[in-house]
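Here's the structure we're looking at; comments come further down.
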Number of protein chains: 2
Amino acid sequence: MPVRIAIVDDKASNRSIIKDKLLRHAGFEICFTAENGKDFLEKMKDLSPEDYPSVVLMDLEMPEMDGVDAVAAGSYLYPSVKYVMLTIFDDEEKIFRAIKAGAFGYLLKEESAENIAGTLIQMNENGVGPISPGIAHKILQLVQNNTVSLVQKKTSEKEKTPFNLTEREQEILKLLIQGMLYKEIGHKLDISPNTAKKHVLNIYGKLHVNSKAQALALAYEKGLI
Amino acid sequence: MPVRIAIVDDKASNRSIIKDKLLRHAGFEICFTAENGKDFLEKMKDLSPEDYPSVVLMDLEMPEMDGVDAVAAGSYLYPSVKYVMLTIFDDEEKIFRAIKAGAFGYLLKEESAENIAGTLIQMNENGVGPISPGIAHKILQLVQNNTVSLVQKKTSEKEKTPFNLTEREQEILKLLIQGMLYKEIGHKLDISPNTAKKHVLNIYGKLHVNSKAQALALAYEKGLI
DNA sequence: AATGCGCTAATCCAAAGGGATTATGTGGAG
DNA sequence: CTCCACATAATCCCTTTGGATTAGCGCATT
């Protein structure tokens, strides 16, 4: 059966360009088009469930109601529908908000202009949300830049020891990070400063660094503090 | 110029399969291969910077040192190198940790088996990290499932000069934080190591600390990185 | 009993760091 | 013009590190 598509964009020219592209391929059926988020939701309300589109291509920037809000509402009201953002913007904030709102995919127009149909077919085959490489890269950067963080760890994760540091070594790394000297560490832990030093050097080996400063930098950067 | 590639995988068969695939295309040069993270880091240590690979294809599951740790250390020690995870696993936790550790791309072996070369070429052309659709989808789900949250970075407008450090001193503090020696700082800034040292000692005075480690700790704590 | 690993400890040596001080050149503020 | 802050540079002296090595002890696995 054909894939039922809805197109939401405030520019008539965009709507028709996309529509034409899709109709050149068999297997697509344009369900309806809308000019903005509000228009989309109203048109959805008039449909009976069997007439719902299975995919909505949604522009982000629109008057009346933008794509983020439309997806937020739509993914709640019609959770069976897949919402794919199709926009020229790659602003991190927008990407993040759209995804949080429930977007199933996120395509940059220029990246996929020639390939919307192919992308949608692929999506329909393997159930994986389409994401432009550029967007995926942006998301990856979001994660890397610590602008994003893992909130919950699910199961009782065995909390892997970073770099195979032993407990003692982690303990000593913590003191190292506080700027303590070997002798101070030794005194603090009631061991010889020589031993403290030995541990520290062992840590260097595991971290593949060769100075306190490098160890600290690595520890901070990788968050194994 | 050819793209210099290193391959890190514990299975010799995998290494040669990947190697063969790449060598069938012009424009790739296999820099070296390694059996695990430790092996990789050791081989890197023996290279001069001009011999560094520009891309490292890294398996995730390896004995001795796994891909996450290797990338964590590698992305710190050799930040110019791009690390692409190439694995059969798509566990969310692993994806997240690998990305946090500094992975530039993340490919599923089965998805890209026929297409590693193409993916790498694309990456080299547009500077965008390669990510398998399946992985991108997983990341998107991570964001959606509230397992991840946006951490608002607060950017203070006032741009306070921390601790009355001069511009030069801040510049030097940054290098200090990267774990550089006096002589390295001196070389980097084209000044005498003695001068570098003088600056560092002046910084200590202003920060009221008396060692690199303490300075770093304070710098990180106060966020004047 | 033997093996392996982690924690403890020590020693020697060379390199780097920390502290104090002195000195020169420059540019801006008074 | 002079004063002062800053960047530059050097020297002396002592402490701290980093690297390599050796070794005993306890504990768990085999």
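Quantities reported herein were computed from a predicted structural model and do not represent experimental measurements. The sequence lines fix the lettering, A, B, ..., with proteins before strands; numbering per chain opens at 1.
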Between [atom2] on [N] and [atom1] on [X], what's the gap in Å once rounded to a whole number?
| X | N | atom1 | atom2 | result |
| --- | --- | --- | --- | --- |
| B:Y204 | C:dA16 | OH | C1' | 11 Å |
| B:L189 | D:dC6 | CG | C1' | 15 Å |
| A:I203 | D:dG18 | CD1 | C1' | 14 Å |
| B:R168 | C:dG27 | CZ | C1' | 16 Å |

Subject >> Residue pair B:N194 / B:K198, side-chain donor-acceptor N/O under 3.5 Å >> reply: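 Distance-only check fails for B:N194 and B:K198.
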Subject >> Base of C:dG18 paired with side chain of B:K197 (donor-acceptor, under 3.5 Å) >> reply: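 For B:K197, whose side chain was compared with the base of C:dG18, there is a donor-acceptor pair (under 3.5 Å).
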Looking at the side chain of [X], which of [options] is the nearest nucleotide?
| X | options | result |
| --- | --- | --- |
| B:K198 | C:dT21, C:dG19, D:dG19 | C:dT21 |
| B:K212 | C:dG18, D:dA9, D:dG18 | C:dG18 |
| B:S192 | C:dA9, C:dG19, D:dA10 | D:dA10 |
| B:Y182 | D:dG18, D:dT8, C:dG18 | C:dG18 |
| B:I191 | C:dA10, D:dT8, D:dG19 | D:dT8 |

Original post:
According to a strict under-4.0 Å criterion, is B:N194 in side-chain N/O contact with OP1 or OP2 of D:dA10?
Top reply: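 True: B:N194 side-chain N/O within range (under 4.0 Å) of D:dA10 OP1/OP2.
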Original post:
Between A:K183 and D:dT16, does any side-chain N or O lie under 4.0 Å from OP1 or OP2?
Top reply: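 A:K183 to D:dT16 OP1/OP2: side-chain N or O found under 4.0 Å.
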Original post:
Any salt bridge between B:E171 and B:R168, counting N to O under 4.0 Å?
Top reply: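 Between B:R168 and B:E171 there is a salt bridge, with a charged N closer than 4.0 Å to a carboxylate O.
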**OP:** May I ask you to say whether B:R24 pairs ionically with B:D20, meaning some side-chain N is under 4.0 Å from a carboxylate O?
**Re:**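 So B:R24 does not pair with B:D20 through a salt bridge.
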Original post:
Any side-chain heavy atom of A:E61 sitting closer than 4.5 Å to one from A:N36?
Top reply: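 When only atoms from C-beta onward are counted, A:N36 and A:E61 do not touch, as no gap falls below 4.5 Å.
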